[in-house]
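Heads up: the structure comes next, in C-alpha cells.
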Amino acid sequence: MTRIHISQGRIIDPENGTDSIGDIYIADNRIFSTMGQSDSFDADITIDARNQIVCPGFIDLSVRLREPGATQKATIASEVKAAAASGVTALCLPPDTSPCIDNPAVVELIEDKAKVADYRQIYPIGALTYKLQGQELSSMFALKNAGCIAVSNAQMPIANLLILRRAMEYAASFDLLLIYRPQDYYLSQQGCAHEGMVATRYGLPAIPDIAETTALLQCLELVAHTGCRVHFGQISCAKSIDYIRQAKDSGLPVSADVAIHQLHLTEHDVLPFDGVYHVNPPFRREADRQALRKAINEGVLDAICSDHQPHNIDAKLGAFPETEPGISSLETLLPLTLSLIDENKLDLMQAIAVLTTNPAKILGLEAPGLAVGKFADLCIFDPEMTWQINPETWLSSGRNTPYWQQNLRGKVTHTIQNGRLIFGQGDFF
Amino acid sequence: MTSDQGIQFTPEGKLKHFLTIEGLSKSLLTEILEVAESFASVSEQQVKKFPLLRGKTIINLFFENSTRTRTTFDLAATRLSADVLNMDISTSATSKGETLLDTIHNLEAMHIDMFVVRHAVSGAAHFIAQHVAPNISVINAGDGQHAHPTQAMLDMFTIRRFKKDFSQLKVAIVGDILHSRVARSQIQALNILGVLAVHVIAPKTLLPAQAESLGVKVFYDMKQGLEGVDVIIMLRLQKERMTGALLPTESEYYKCYGLTEEKLEFAKQDAIVMHPGPINRGVEIASEVADGMKSVILKQVSYGIAVRMAIMSMTMQATGNRE
C-alpha cells in the first residue's frame, strides 16, 4: 500500500473540531500518525499542502451515474472521475437506474462496474417498491444484504399511502433508512417550474410548494407511527423547514438535505425557456432560498448534496417543459458551498461538516475524521484558487450546468480514497 | 428575471421574430396597429394583393390543429404575395422520434424565409427562434399556455377601432386565464398600451398563482368584475377542463361566468363583446350576446388578416436584406 505524507496543510476535522496547521501520515488505508516530523516514515508520496485545506473526503447523498441503463448520458467510469476530482470519496446512487436497483443482481453489476472504474465507495440505494412502481414492496432485506445503504423510491411517486405505510413498517423491521423525496404525485403532475410569478407569466405547468409540504407532513405522520428512520432528500421550500424542525424537536428520527443549486438559484434565475434551469424540485422564491441557507446554518438541514444529474445534449434541447430535469453538479459542489461562507451564511467548519460528518451520520457510516486510526478518505483543496467552469476541463459527461464561463473559487487538488491517491494535481490514479 | 426578449430584434433593433408581447414598446405596438390599419383600409374597399413578400416562402408549421388561425395566416401571406406551405405535424414526424430541431433544420434546408409556428408546449416558438438560421423569421401562432401575440394584436386593433383611446379603458377578461395563452398576451398588450385597468374574472381553479403579478385586478364574481368596463373579452372554455376537476359542470359555469344579456348590463352601456373563437354557445356566452349588437366577434376575425399582414411584412423587412 502507498504511504502518503501530507505536509503542512490546514487540517479541518469537524468530528473533533480540529482547525490547525499540521502533517498527516497515511499507511495501510488508515491515518497512521498526525504528529510532526516522523523521520522514520518512508513516504511513497509527499504532498505539499501549504495554503491548502485538508479535510475528510466528501460524502454525496445523491449522485446519478446513469449506469446501468442510460450510458448515452454518462457512465460510472466518466462520473467517478468527476467525483474524484471534486473531492467526493463516497457517493449514494439512487435506485432509478435501468434496470432499477430492486434486486441484488443489479447491486452486483454496479459493484463490478465500480471495481473496473477503480472507485471504491459507491453506495447503492435500493428501490423501496418493486420496479419503483409504488405498488409492491421490494425485497428490502435481500437488498440490504447485497449492500444497499438505504431504500428509496427516488423521484417516483407512491400515490397510495397504504403502500408507503407498509413499506416504512417493513423497512423499519430491518432498521433500513428510507431516503424520501417528498412530492405529491397529483399536485406536481407534469409540472416543470415553481408555481409562482414566473410560471404564471410564462404559462409553464407548475409545481406548487404544497406538493412538497403535504407529502412531507404525511410522511412525518408515518414516521411517528412506524418508527422508520427517514432522510428527506432535496428539500426546496421554506415551510418544509419548519415542519422538519418541529419533527426533530419532538424527537422523530429524521434528517434532511438540500441540493447545492437550491441554495443559489431562484425562479427568477430561470432564463425564459432555458432548459438547463429545469430542475425538480423547481427553483423557488428568494424567501425559500434564504430559509434553506439559514436552515443549513442552524442544522435543521443536515447536509448539502450535489444532486448530480448528468444529461446528454438532446435531453436539454427542446421547449422548456419537454426537457429533462437536473443539473450536472458534482464539479461545482465545493466552490458553490464555499461561496456560502463568503456570503456569511456558514463558517468553514460547518461547510465541511455538511459535506462529510453529517452525511456519514445520516447513512450510519463510521464517522469520518483525520485522527489516528481513521479510514484515510481525504480531500485537499485550495480555498483561494479561482477557476473558470469551461468545457475543456469539465469531466462529467453531462454538460448541463448553468455555470459555464463563470469564475468560481475553491478547487480540489488531491483526493485520497481508502488510503490511495485517486486524484492529484489534475491527474487520476 | 433576466429577460431574453432581445431575441425578437435584430442588432439594429428591428423586429425580426414575433414571439411574445412581453418586452415590446408602446410605440412598436402602435406602429403595428398603424401598419395594420393601412392594410385594412385598402382591403375594405377591394381585396388587393401587395407585392411586399414576393419571392418569399413561408411555412405554416402547425404542431397543434387550428383551422382558423392557420387560414388567416395563409390569407395574410397570400395577400402579401408570398408562397405559402402548410404543414400539420401533430401526428407525423415528431411523434416518430424526430426531434423538433430535426424538423426545423430539414425545412430550413429548403430555403424558407419564415416559420409561422403553433405548438402545444410553452416556449416552443422561442426554442425554434433560438435555433433557426439567422435569415429566418419566426412568428408565434400560439405556444402552449405561454403566448399568442398575433391574436392579442388583432384584439388591440379591434378595441382601437371601436374605442380609440386606450388610456381611458377598463377591460375585463373572463374565463380560463390559467390555461390561456391568449389572455397572457392580451394582458401584456393592454398594459403596454396603457389602459386604465384590466379585470380578470374566473373561479380560483382557472386562475394562475399570483395572477395579480400579471398586472390585473382579480374578481371571482361577474357583477363586480364587469362593473363599468368598456370591453369584455370572453375566453373559450376547453371541454377537457370539465374532466380535470377544475369545474363541476358546463351549466354551473354558464350560470356563474357565462355572458348573458343580464350580466352584460353590469358593463358600460357602450361596451363591446369580444371572443377569440371558436365560441361555445351556451357555455361561456349566450347566443343572443354573441350575435347581438355589442358583439364584435366577427370583426375580430376579419381584422386578423390585416394585423398578421402587418406583422409578417414588418418582420420580413428586418430579415429581408440579411442573406
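Naming: A, B, ... by sequence-line order, numbering from 1 per chain. Hydrogens, waters and symmetry mates play no part in the numbers below; they use all other heavy atoms, side chains included.
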Check each atom of B:Arg184 against the heavy atoms of chain A and say whether the ones under 4.5 Å are side chain, backbone, both or neither.
side chain

Set out, in order, the CA-CA distance, both residues' side-chain angles and the distance that settles side chain to side chain contact (heavy atoms under 4.5 Å, CB included) for B:His146 and A:Phe273, then state yes or no.
CA-CA 11 Å; B:His146 170 234; A:Phe273 309 123; 3.6 Å; yes

Mind running side chain to side chain contact (heavy atoms under 4.5 Å, CB included) on A:Phe320 and B:His126 for me, showing each step along the way?
CA-CA 10 Å; A:Phe320 189 92; B:His126 266 81; over 6 Å; no

Does CD belonging to A:Glu286 count more than 12 external heavy atoms closer than 6.0 Å?
yes

Taking atom CD1 as the centre, does A:Ile313 end up with more than 12 heavy-atom neighbours from other residues, nucleotides or ligands that are less than 6.0 angstrom away?
no

Surrounding CD of A:Gln190 (heavy atoms of other residues, nucleotides or ligands, distance under 6.0 Å), is the total greater than 12?
no

For chain B, which candidate among A:Pro208, A:Gly196, A:Cys192 shows the most heavy-atom pairs at distances under 4.5 Å?
A:Gly196

Region of B:Gln188 in contact with chain A, defined by heavy-atom distances below 4.5 Å
side chain

B:Gln210 backbone acceptor or donor facing A:Thr200 side chain under 3.5 Å
no

Under 4.5 Å from any heavy atom of chain A, what part of B:His131 do you find: side chain, backbone, both or neither?
side chain

Can you see which heavy atom on A:Ala319 is nearest to which on B:Ser122, and at what distance?
CB-O, 3.8 Å

